[in-house]
Amino acid sequence: MMEALAWIGLDWDEGPKVDDDGSLTARGAYGPYRQSERSALYAAVARRLEAAGHTYRDDRTSEELEAWRAAQRAGGDGGPPVVKASTFERSPEELERSAAEGRPASLRLRTPEDGEVVVTDLVRGEIRFDWATISDPVIERSDGSATYPLANSVDDLAQGIDLVCRGEDLLSVTPRQVLLHELLLGEGLLDDALAEVGLPARDPSFGPVTRFAHLPMVVGPDRKKLSKRHGSVSVQEFRRQGFLPETLRNYLALLGWAPKDGRERLNDDELVAEFDLAAVGRSAAAFDVDKLTAFNGERIRELPAGTLTERLVPHLDGTEGEAALLSSPPTEDELRVLRGLVPLVQERMQRLDEIVDYAGPFLQQEVTLDPDSVAKVFTKAGSYEAIEAAERVLVDVDWTTEAIEAALRALPDELGIGFGKVAQPIRVAATGSSVSPPLFESLELLGRERSLQRLAAAAPQARAARGGG
RNA sequence: GCCCCCGUCGUCUAGCGGCCUAGGACGCCGCCCUCUCAAGGCGGUAACGAGGGUUCAAAUCCCUUCGGGGGUACCA
């Protein structure tokens, strides 16, 4: 995931990071940043919460709880399946007995039995929850490890987080987090715990978490949320397909947000200057690959030719895809061909990986004719005539785009067919396909020798396609 | 089931009581350009989920309803 973020260009100032040699380190002054390295802190906080009476022990197993919830949901006699101290807290005697039997117990946070919590959210405004509908969360597992609610609250406060910005899927979990924050800060529990485990005290500038922003979900075409795992897999996939990271950044920013003036093409500077959490929409946004692709094409067209050439190389030398049309590193000859090709294909590409199909005929000595193109073009009247005439007329022409064009433009008159009809067979013969970069430029780039050789090789095939002769 | 969030063209969105016979972008369709494919230009298609209110006036405010999503873990 960090690799995916790094590629997209979404950087972070503080936190874990992967070094160039692949090892996991960290940067920032408020570490450690891995939860596994902070377990002593979580435990210290938990002990204090417990001592202050904000928690209680629960010795039920996951299976027992699950069964209880299922029964509650189905039967509906004892109310909704909400775990509360009022019905779940064991007496000291029960706990003692249970401990004697060796039953491990988890630690639950005691949340209010009733009343209301109000969460103020930057994108959604005020949201009200009824404490009676919120279960007491387990903050420490029966094996003593901290759960996400505890670790997350402790870390946010200890590390000076003042804006919690996350997906809407965490909205309903916010009340317990707010409560934990009050407890940890209000009674100095966190500061004491920090001191106990020998971690530096909180920076004096650190206040409470002052803002929450729950961003709308980004969903797939099926309207279901994209998971973290799937998300990062597709980032790698986007990379291989030749989407530009700057396209992703631009497109992603537009999911749920739009600038005041409605522009859609925004660069990084404009994005950071204009993006505003308060202007973010509230409904889930579907990720539209077609639109992303169109954006990507526009950006590719804006790239300086030299830059595009460089960014194309990984898609040709096997780094990003299967294709190995270039040596690694590319030879000067190969680069010359690529540089010549770029201006011809730049405006017709939407993804970098499309270069593989375009470049094949130019980087390889031999070309294989696409059967569909052969069937579509060689069977038409004038096909082999055009190819043979092109051979004849191109042998001694100056090998420049202009001269090639002049020579071929003369053929329609001679053959009595339209230029389209003469160009297509020649295109298929030279590039192997009925779809290619502009013909004259392509021939020039191929060189006289290869061009004539391919025309000569294709002529008999065209004759055959026309039904013998 | 219970709790929370959301609901404008197929999709991303603009709209925050009159400027809306609802604007833009992607897609799609047509035309122009044209050596293919693109690019580009021009035009078109298509939406306020439904029902009640409030108001002189509602996509915009309120209620109900329907629909979608999220949560409901000793996952994060």
Side-chain angles (χ1 to χ4, degrees), chain A residues 35 58 60-63 65-66 69 72-76 79-83 104-108 119 121 123-124 127-130 132-135 137-149 151-152 166-175 214 216-219 221 223-225 227-228 251 254-265 281-295 297-298 301 344-350 354 358 373 376-377 405 408-409 412 418-424 426-428 431 433-442:
Chain A
Q35 292 188 349
D58 180 9
R60 292 164 187 77
T61 65
S62 303
E63 294 71 35
L65 284 164
E66 202 178 312
R69 286 196 193 92
Q72 274 327 80
R73 267 192 277 255
V82 177
V83 175
S106 63
L107 226 217
R108 283 186 191 275
V119 173
D121 186 274
V123 346
R124 276 152 229 281
I127 303 139
R128 288 159 199 290
F129 295 86
D130 199 340
T133 66
I134 298 173
S135 282
V138 167
I139 60 172
E140 206 176 61
R141 301 184 183 89
S142 49
D143 68 1
S145 64
T147 62
Y148 170 77
N152 188 222
R166 40 155 52 165
E168 192 204 324
D169 49 348
L170 288 164
L171 181 58
S172 58
V173 114
T174 310
H214 288 93
M217 303 266 89
V218 173
V219 299
R223 287 260 140 207
K224 292 289 200 310
K225 85 169 184 178
S227 81
K228 211 183 299 175
Y251 178 74
L254 258 23
L255 249 27
W257 174 81
K260 284 264 173 276
D261 59 13
R263 279 171 308 142
E264 295 205 309
R265 305 290 326 281
R282 290 168 299 278
S283 51
F287 195 98
D288 180 0
V289 180
D290 281 344
K291 186 157 181 171
L292 209 219
T293 305
F295 268 44
E298 289 178 38
R301 267 166 253 138
L344 308 185
V345 299
Q346 180 161 21
E347 72 184 20
R348 45 203 101 219
M349 288 201 298
Q350 294 199 294
E354 291 164 12
Y358 280 124
S373 298
K376 187 166 67 182
V377 175
E405 171 160 14
L408 295 183
R409 288 275 183 204
F419 186 70
K421 290 270 190 271
V422 352
Q424 279 307 80
I426 299 173
R427 183 191 312 282
V428 173
T431 70
S433 166
S434 61
V435 174
S436 85
L439 184 58
F440 316 125
E441 287 84 347
S442 296

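Every chain is numbered from 1, with letters handed out A, B, ... down the list of sequences. Values in this document were obtained by computation on a predicted structure and should not be read as measured data.
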Checklist entry - Is A:E66 atom CD crowded by more than 12 heavy atoms from other residues, nucleotides or ligands, each under 6.0 Å away? => result no
Item to check | A:R69 vs B:G1: side-chain N/O to OP1/OP2 distance below 4.0 Å | outcome: no
Close N/O contacts between protein and nucleotides 62-64 of chain B (under 3.5 Å):
none

Protein-nucleotides 34-36 of chain B N/O pairs closer than 3.5 Å?
residue: B:C35; atom: OP1; partner: A:R409; partner atom: NH1; Å: 3.0
residue: B:C35; atom: OP1; partner: A:R409; partner atom: NH2; Å: 3.1
residue: B:C35; atom: O2'; partner: A:R427; partner atom: NH2; Å: 3.2
residue: B:C35; atom: O2; partner: A:R427; partner atom: NH2; Å: 2.4
residue: B:C35; atom: N3; partner: A:L439; partner atom: N; Å: 3.3
residue: B:U36; atom: O4'; partner: A:Q424; partner atom: OE1; Å: 3.0
residue: B:U36; atom: O2'; partner: A:S434; partner atom: O; Å: 2.9
residue: B:U36; atom: N1; partner: A:R427; partner atom: NH2; Å: 3.3
residue: B:U36; atom: O2; partner: A:S436; partner atom: N; Å: 2.8
residue: B:U36; atom: O2; partner: A:S436; partner atom: O; Å: 3.0
residue: B:U36; atom: N3; partner: A:R427; partner atom: NH1; Å: 3.3
residue: B:U36; atom: N3; partner: A:S436; partner atom: O; Å: 2.6
residue: B:U36; atom: O4; partner: A:P438; partner atom: N; Å: 3.3

Next on the checklist: Classify A:P81 by what it touches in the nucleic acid, base, sugar-phosphate, or nothing, heavy-atom distance under 4.0 Å.
Outcome noted: base
Next on the checklist: Does the structure show a Watson-Crick or G-U wobble partner for B:U72, both distances under 3.5 Å? Name it, or say none.
Outcome noted: B:G1
Item to check | Base-pairing assignment for B:U55 (Watson-Crick or G-U wobble, both under 3.5 Å) | outcome: none
Item to check | Pairing residues for A:D290 by the side-chain hydrogen bond (donor to acceptor under 3.5 Å, both in side chains) criterion, not counting sequence neighbours | outcome: none
What does the list of N/O pairs under 3.5 Å between the protein and nucleotides 65-70 of chain B look like, with a distance for each?
residue: B:G69; atom: OP1; partner: A:K224; partner atom: NZ; Å: 3.1

Next on the checklist: Counting distance alone, no hydrogens or angles: does the base of B:C74 have a donor or acceptor under 3.5 Å from a partner atom on the side chain of A:T147?
Outcome noted: no
Please write out each protein N/O paired with an N/O of nucleotides 42-51 of chain B under 3.5 Å, distance rounded to 0.1 Å.
none

Checklist entry - Does the distance from a Lys or Arg side-chain N to an Asp or Glu carboxylate O, for A:E354 and A:R348, drop under 4.0 Å? => result no
Next on the checklist: Which residues pass the side-chain contact (heavy atoms from CB on, under 4.5 Å) test with A:N152, not counting sequence neighbours?
Outcome noted: A:Y148, A:D156, A:R166, A:Q177
